[in-house]
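Worksheet: one structure, shown below.
Whatever order the structure lists ligands and atoms in, that order sets their numbers, starting from 1.
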Amino acid sequence: MAAFSSLTDRLSNAFKHLKSKGKLSEADIDGTIREIRRALLDADVALEVVRSFTGRIRERALGTEVSEALNPAQQVVKIVYDELTGVLGQGVDRPLNFAKNPPTIIMLAGLQGAGKTTLAGKLGYWLKDAGHTPLLVAADLQRPNAVTQLQVVGERAGVPVYAPEKGVQSDGGDEVSAPGLTTGDPVKVARDSIALAKQKLYDTVIIDTAGRLGVDEVLMQQARDIRDAVQPDEILFVIDAMIGQDAVRTAKAFDEGVDFTGVVLSKLDGDARGGAALSVASVTGKPILFASTGEGLKDFEVFHPDRMASRILD
Ligand code: GDP
């Protein structure tokens, strides 16, 4: 329980009066709920999520038998931890949903700056390392440098990139071309990339889509058009862990907008305590699949709900 020292300390005060045995009463619990709420808000969990979450904790904690092995504070922290890992781990029975018939199509969506392009490289690198033959696709034609950025990322990862103007950039030995490609139509870029993947036997296609500064209906429609054209096996919503209270609004908008299948939490190497993870998982019910932890290609891992729960409660 060392990881929860901070919340345990807070709760210990609230339980000072409690005898070593007996059931936790409503009065006992209400004092502690305030501390739990503060801990979650400190971790940047969105307010509406904190409310529903503490409601559930309260219900579970009420009547809990105080055991000899754990003091009351530890016992409540355990309940909080269990609830947290439950919400954070929901639906995680897979790192990725691979298609029965390749290529597996993975589309990335999220706000501009969330870390999509960086993630495309990491994911490509990770898949390649696992024996796959990924292709990165530059369907972000909104930001002037996005295509070049993906090409740089692909080169670093040693993964080929399908881009509108120049066709495919080679990773050294694997030269492929994209004849008849129309510049400027991300839906066509995405569609053509799938045809190419089938032809050249790339088994995974990772499509980088345009980000937006705020939730933007035109770009959301564009993401939907790409989705409908290629029918991805995974739509990964990339969200900056530092986004804090705004996580709920953004996640809801993308959930309604493109109905994503999984979440990638980026920039977990920063100061963020990870509240965004709980916010997004709670309001969308979608699994968090990966965590991005830096700018390097290897700063990427399969998401661990228990580690995140500890981080939020620390
Ligand atoms: P996009 O607009 O969603 O494609 O976002 P980018 O991939 O361009 O990332 C925006 C910025 O965040 C870039 O400067 C990246 O280097 C940086 N970045 C992306 N992922 C991470 C991460 O996990 N940790 C850190 N520290 N920086 C990241």
Side-chain angles (χ1 to χ4, degrees), residues 44 95 106-127 129 134-157 159 161-164 169 186 189-190 193 205-216 218-220 222-223 226-227 232 234-244 246-247 249-251 253-255 257-258 260-277 280 288-304 307-308 311-312:
D44 246 343
I106 302 168
M107 173 176 155
L108 309 181
L111 291 179
Q112 185 171 315
K116 289 181 300 302
T117 307
T118 308
L119 174 75
K122 292 175 178 183
L123 204 51
Y125 185 81
W126 183 76
L127 285 164
D129 199 46
L135 175 70
L136 307 185
V137 179
D140 175 358
L141 308 183
Q142 216 66 27
R143 196 157 50 93
N145 282 332
V147 174
T148 316
Q149 193 193 338
L150 190 70
Q151 285 168 331
V152 170
V153 160
E155 208 156 292
R156 207 179 297 151
V159 175
V161 176
Y162 184 85
Q169 295 297 300
V189 169
S193 75
V205 179
I206 301 166
I207 304 174
D208 191 17
T209 66
R212 54 233 88 192
L213 291 173
V215 174
D216 170 332
V218 174
L219 286 176
M220 198 65 89
Q222 182 185 94
I226 294 174
R227 176 195 68 186
E234 293 278 12
I235 302 171
L236 301 184
F237 168 56
V238 185
I239 184 164
D240 182 339
M242 312 282 272
I243 195 169
D246 239 12
R249 203 170 54 87
T250 309
F254 276 89
D255 197 24
V258 295
F260 56 81
T261 57
V263 180
V264 180
L265 212 56
S266 72
K267 310 195 189 178
L268 268 177
D269 50 313
D271 291 337
R273 288 268 309 279
V280 173
I288 303 175
L289 302 178
F290 298 101
S292 227
T293 55
E295 295 186 78
L297 280 173
K298 294 182 185 170
D299 299 331
F300 168 76
E301 58 191 35
V302 170
F303 182 73
H304 295 284
R307 284 187 213 163
M308 181 53 71
R311 181 174 178 144
I312 290 173

**OP:** For the residue pair Leu111 and Ile243, establish whether any side-chain heavy-atom pair is separated by less than 4.5 Å.
**Re:** yes

Original post:
With hydrogens left out, which residues have an atom under 4.0 Å from ligand 1, given that only heavy atoms count?
Top reply: Leu111, Gln112, Gly113, Ala114, Gly115, Lys116, Thr117, Thr118, Lys122, Arg143, Gln149, Lys267, Asp269, Ser292, Thr293, Gly294, Glu295

Original post:
Hey, does Gln142 have a side-chain heavy atom less than 4.5 Å from the side chain of Gln222?
Top reply: yes

Subject >> Any Val153 side-chain heavy atom under 4.5 Å of Thr118 side chain >> reply: no

Original post:
Does the side chain of Phe303 reach to within under 4.5 Å of the side chain of Val263, using non-hydrogen atoms?
Top reply: no

**OP:** Could you label the plane-to-plane angle of the Trp126 and Phe290 rings as parallel, tilted or perpendicular, counting under 30° as parallel and over 60° as perpendicular?
**Re:** perpendicular

Original post:
Tell me, do Asp255 and Phe260 make a side-chain contact under 4.5 Å, heavy atoms counted?
Top reply: yes

